[in-house]
Amino acid sequence: MRKGFALVSTLIMLVVLMALLTAYFVLTRVELGTTQASVRQTTGFYAAEAGLNLRAEEIRAKFLGYNRPQGTSPSPTNPCQGSNWGSGDFACKTYTFSGRTVRTYVVEDPNNPRNVTIPPGELYENLDAQEYRYTLFSEALGPDGRTEVVLELVFKSRLVPMFQFAAFYNKDLEILPGPDMTLNGRAHTNGDLYLNAGNTLTIQGQVSTAGTLYRGRKDDNSCGGTVNIYKENNQPAPLPCNRQNSRRSFSQGDVGAWGSRIQIGVNPVTVPPPEELDPLPGKTYWEKAELRLGLDLFSTPPTVKVYRVQGGANVNDVIATTALNACVGAVGTSDTFYNWREGKRIRMLDVDLRKLLDCVHLNPLAFGFRLDDDTEGGLVFHFTVFGPDSNRVNNYGVRIKNGAEIASTLPGAPRPRGLTVVTDQAVYIQGDFNKTNWIPAAFLADSLNILSNAWTNDDKSYQTLNQRVASNTEVNAAFLAGTDITGGAEGPSGQNKGNYNGGLENYPRFHETWSGKTLTYRGSFVSLGTPRHVNGPWCGTGGGGTYDPLTGRISGRTGCNIYDPPTRNWSYEVRFSQGQLPPLSPRFVYLRQERFLREFERP
């Protein structure tokens with residue numbers, strides 16, 4: 001009987017062990033399946049997220065150059081299957097990541113676009129922007145063809161005019177004035193920001209940098225003067241140097257007292273490249289300009305012509321060119337200006353602005369537009385030089401004079417609503433500009449030069465600096481142009497290497513002694529890169545020397561002999577922040593996420 005009991009007990013134990021073993025194998029299999037499903041879902045999640053990122057970047061890039069996404073979305077029932085693929089920028093696109101097939105598509109908000117004011121507390125608070133909302137869908141399919149995850153992203157693409165900033169740089173921004181200076185607008189850079197002063201620099205607007213904020217100079221390790229930045233309570237507070245009066249860097253945690261008024265390490269925004277100014281079919285400003293003028297150096301003698309874009313090529317508009325040449329004095333060319341910074345004479349396309357406006361008013365059919373055209377918010381004039389060196393470093397320039405009032409002199413002529421002058425070459429503004437009866441105006445150029453009202457002819461350009469005496473001058477226009485690089489490199493690698501680029505205070509290039517004279521300026525400073533064509537470096541002020549026109553050489557030169565700085569009566573043009581922007585103002589693009597959903601998953 002004991003043997004029978006032992007046998008039964010053994011059998012029971014075996015059954016229990018088998019049950020435990022079976023349960024273990026079942027549990028292990030379930031856990032393994034769950035783990036594998038989790039791995040598949042995680043891999044699918046990241047693959048689908050990569051698809052979202054690619055499509056979002058495509059949408060952002062599309063907005064550059066004043067384009068916007070176009071097309072139709074697939075219908076929400078079985079999207080990206082059969083013939084349901086949509087079209088254009090919203091159509092289904094397929095990618096492969098980590099062995100997963102990722103299907104994506106875009107849905108546009110039917111209420112696009114919205115004109116919004118960016119809310120307080122956000123980056124770029126209180127700026128006006130044009131906002132477009134989109135929903136992106138991204139579905140990851142596993143190796144077996146089954147759906148692993150579906151992600152949904154709702155985001156806003158905001159287009160913000162750059163001329164709402166007192167200073168906007170796509171490179172390192174250095175503000176280091178000698179005399180007191182108040183910047184009554186906001187400042188942003190996609191690079192590093194250096195703030196220093198000989199006396200006192202005060203910034204009243206929001207300060208933002210995608211890089212590092214430095215208190216001090218870039219070209220050496222010094223730090224001096226007083227730099228005040230307004231807090232959220234609109235009271236100024238000093239940004240200190242290191243105790244040893246050396247350059248100091250700041251993190252976001254170091255500037256908490258300023259709240260949202262100082263933003264460090266923000267995401268860089270997307271800006272149009274300098275090449276967008278080129279006179280080529282397909283380039284924004286050339287295509288959209290009401291008037292395209294080019295100085296043709298290949299013709300003998302050099303001739304100014306009007307161009308139109310036809311069949312993807314630049315074509316001389318013979319009718320408009322004939323009308324232009326009949327307007328005596330409106331345009332011309334010269335090579336009598338000597339640029340001491342470049343050490344060469346400049347071949348100019350000379351434009352008498354008021355005579356040109358008279359010419360357009362007299363010949364609206366030939367030119368194809370009226371002075372009060374508002375297609376882009378006003379007039380866009382593109383001026384260029386077509387020559388053997390147009391696409392490299394050269395001695396070409398466009399000079400605008402007689403622009404104190406941007407209006408025709410003829411009775412009954414309508415006033416322009418605004419004017420943006422564009423050139424891929426260096427621009428020279430001679431005399432007052434937009435001083436009388438202000439309208440929104442801008443210059444977009446390779447580099448920007450200012451000649452005072454005292455510059456009546458180019459003979460003085462060959463004289464010594466103390467003979468090139470400026471007079472008080474006023475310019476009211478936004479500027480977009482190239483600027484130099486301190487130390488030959490953007491970022492920390494350019495620090496402590498000398499070769500200061502002149503800073504924001506020397507953004508305009510001068511060619512006279514302005515000692516005791518005032519340049520009054522109301523506008524906005526934007527720099528997207530370095531000059532591509534007329535790129536002589538900033539080398540300081542003062543000096544002397546004599547130019548010999550027979551040999552083209554300078555003798556007895558000490559220092560740069562380029563200019564002495566003016567008294568800078570400068571401020572941001574607040575009307576730009578009140579909706580009165582120049583025509584076709586350049587914009588930057590940034591995305592803001594509104595909602596992210598993991599909508600569906602299946603093991």
Side-chain angles (χ1 to χ4, degrees), residues 56 59-60 63 109 111-136 153-170 173 175 182-193 195 201-215 227-240 249-271 524 526 572-581 585 587-597:
I59 293 293
R60 176 168 61 176
F63 277 104
D109 189 303
N111 295 317
N112 283 346
R114 296 179 174 91
N115 292 319
V116 301
T117 300
I118 298 175
E122 287 190 21
L123 184 61
Y124 316 124
E125 61 183 11
N126 300 320
L127 290 183
D128 292 332
Q130 196 172 55
E131 183 177 275
Y132 293 78
R133 296 177 74 248
Y134 298 93
T135 301
L136 300 181
L153 172 67
V154 179
F155 71 94
K156 305 170 182 176
S157 180
R158 285 176 174 164
L159 287 76
V160 183
M162 299 180 203
F163 292 150
Q164 294 181 97
F165 290 78
F168 183 100
Y169 273 45
N170 191 37
L173 170 57
I175 310 178
T182 297
L183 208 60
N184 63 324
R186 62 188 71 220
H188 171 82
T189 171
N190 273 347
D192 295 329
L193 177 61
L195 300 177
L201 167 65
T202 301
I203 302 178
Q204 296 177 341
Q206 186 185 59
V207 173
S208 55
T209 171
T212 301
L213 171 61
Y214 292 98
R215 175 67 174 87
V227 173
N228 292 318
I229 299 178
Y230 273 51
K231 293 183 176 181
E232 290 180 325
N233 61 2
N234 288 324
Q235 294 299 314
L239 195 69
S249 63
F250 290 83
S251 66
Q252 190 64 53
D254 298 328
V255 294
W258 281 267
S260 63
R261 288 298 182 91
I262 299 180
Q263 301 274 345
I264 300 172
V266 304
N267 290 328
V269 295
T270 305
V271 301
S524 169
V526 175
Y572 172 66
E573 177 52 78
V574 295
R575 284 174 283 196
F576 291 163
S577 292
Q578 298 169 354
Q580 299 184 67
L581 285 162
S585 289
R587 306 173 298 185
F588 68 80
V589 185
Y590 78 101
L591 305 184
R592 183 172 177 83
Q593 182 175 309
E594 187 173 275
R595 186 173 72 242
F596 181 80
L597 296 175

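When reading the values below, keep in mind they use all heavy atoms of this one structure, side chains included, and skip hydrogens, waters and symmetry mates.
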*Asks:* Rounded to the nearest 0.5 Å, how far apart are CZ of Phe250 and OG1 of Thr212?
*Replies:* 11.5 Å
*Asks:* Can you label the angle between the Phe168 ring and the Phe588 ring as parallel, tilted or perpendicular, going by 30° and 60°?
*Replies:* parallel
*Asks:* In terms of side-chain geometry, is the basic nitrogen of Glu594 or Lys156 positioned less than 4.0 Å from the acidic oxygen of its partner?
*Replies:* yes
*Asks:* Show the nearest heavy-atom pair for residues Trp258 and Asp254, with the distance to one decimal.
*Replies:* CZ3-O, 4.5 Å
*Asks:* May I have the step-by-step check of side chain to side chain contact (heavy atoms under 4.5 Å, CB included) for Phe63 and Thr270, ending in yes or no?
*Replies:* CA-CA 10 Å; Phe63 277 104; Thr270 305; over 6 Å; no
*Asks:* Which atom pair, heavy atoms only, marks the closest approach of Leu136 to Ala56?
*Replies:* CD1-N, 3.6 Å
*Asks:* Can you name the nearest heavy-atom pair linking Leu123 to Gln263, along with the distance?
*Replies:* CD1-CG, 3.7 Å
*Asks:* To the nearest 0.5 angstrom, please state how far the CG atom of Asn228 sits from the CG atom of Leu239.
*Replies:* 9.0 Å
*Asks:* Which atoms form the tightest heavy-atom contact between Pro238 and Pro240, and what is the distance?
*Replies:* O-CD, 3.6 Å
*Asks:* Is any side-chain heavy atom of Thr202 closer than 4.5 Å to a side-chain heavy atom of Tyr230?
*Replies:* yes
*Asks:* Pick from Tyr124, Tyr169, Tyr590: which one makes a ring-ring contact (aromatic ring centres under 6.0 Å, His included) with His188?
*Replies:* Tyr124
*Asks:* Within the 3.5 Å criterion, strictly below it, is a donor on Asn126 or Arg186 matched to an acceptor on the partner's side chain?
*Replies:* no
*Asks:* CG of Asp192 to CG of Leu213: how many Å apart, nearest 0.5 Å?
*Replies:* 9.0 Å
*Asks:* Go through it in stages, so that I can follow the logic: the residues are Arg261 and Asn233, the test is side chain to side chain donor-acceptor pair (under 3.5 Å), and I'd like the CA-CA distance, side-chain angles, deciding distance and then a yes or no.
*Replies:* CA-CA 10 Å; Arg261 288 298 182 91; Asn233 61 2; over 6 Å; no
*Asks:* Thinking salt bridges, do Arg158 and Glu122 make one under a 4.0 Å N-O criterion?
*Replies:* yes
*Asks:* Once you round to the nearest 0.5 Å, how far does CD1 of Ile118 lie from CD of Glu125?
*Replies:* 9.5 Å
*Asks:* Between Ser157 (side chain only) and Leu591 (backbone N and O only), is there a donor and an acceptor less than 3.5 Å apart?
*Replies:* no
*Asks:* Would you say the side-chain atoms of Thr189 pair up with the backbone N or O of Gly191, donor to acceptor, closer than 3.5 Å?
*Replies:* yes
*Asks:* Looking at side-chain heavy atoms only, is the closest gap between Leu195 and Ile229 below 4.5 Å?
*Replies:* yes
*Asks:* Do Leu183 and Ile175 have side-chain heavy atoms sitting under 4.5 Å apart?
*Replies:* yes
*Asks:* Is the side chain of Glu573 donor-acceptor paired with the backbone N or O of Arg575 at a distance under 3.5 Å, no angle test?
*Replies:* yes
*Asks:* Does the Gln252 side chain pair with the main chain of Ile264, one donor and one acceptor, at a distance under 3.5 Å?
*Replies:* yes
*Asks:* Is there a donor-acceptor pair under 3.5 Å between the side chain of Gln580 and the backbone N or O of Phe576?
*Replies:* no
*Asks:* Verify side chain to side chain contact (heavy atoms under 4.5 Å, CB included) between Thr209 and Val266, making sure each step is shown before the conclusion.
*Replies:* CA-CA 6 Å; Thr209 171; Val266 304; over 6 Å; no
*Asks:* Rounded to the nearest 0.5 Å, how far does OG1 of Thr135 lie from CG of Leu153?
*Replies:* 8.0 Å
*Asks:* To the nearest 0.5 Å, how far apart are CG in Leu127 and CE in Met162?
*Replies:* 12.5 Å
*Asks:* Give a yes or no on whether the backbone of Asp128 and the side-chain of Gln164 come within a donor-acceptor separation of less than 3.5 Å.
*Replies:* yes
*Asks:* For side chain to side chain contact (heavy atoms under 4.5 Å, CB included), just list the numbers for Asn111 and Arg133, CA-CA rounded to whole Å, side-chain angles, deciding distance to a tenth of an Å, and then say yes or no.
*Replies:* CA-CA 8 Å; Asn111 295 317; Arg133 296 177 74 248; over 6 Å; no
*Asks:* Taking all non-hydrogen atoms of both residues into account, name the closest pair between Pro113 and Gln130 and its distance.
*Replies:* CB-CG, 3.8 Å
*Asks:* Sequence neighbours left out, what passes ring-ring contact (aromatic ring centres under 6.0 Å, His included) with Phe163? Give chain and number order.
*Replies:* none
*Asks:* Would Thr182 and Gln204 count as a side chain to side chain contact (heavy atoms under 4.5 Å, CB included) here? Give the steps.
*Replies:* CA-CA 8 Å; Thr182 297; Gln204 296 177 341; 3.6 Å; yes
*Asks:* Under a plain distance cut-off of 3.5 Å, with no hydrogens placed, do Glu232 and Ser260 share a side-chain donor-acceptor pair?
*Replies:* yes
*Asks:* Taking Asn190 for the side chain and Pro268 for the main chain, is one N or O donor matched with an acceptor at less than 3.5 Å?
*Replies:* no
*Asks:* Can you name the closest pair of heavy atoms from Gly185 and Ile203 and give their distance?
*Replies:* O-CG2, 3.9 Å
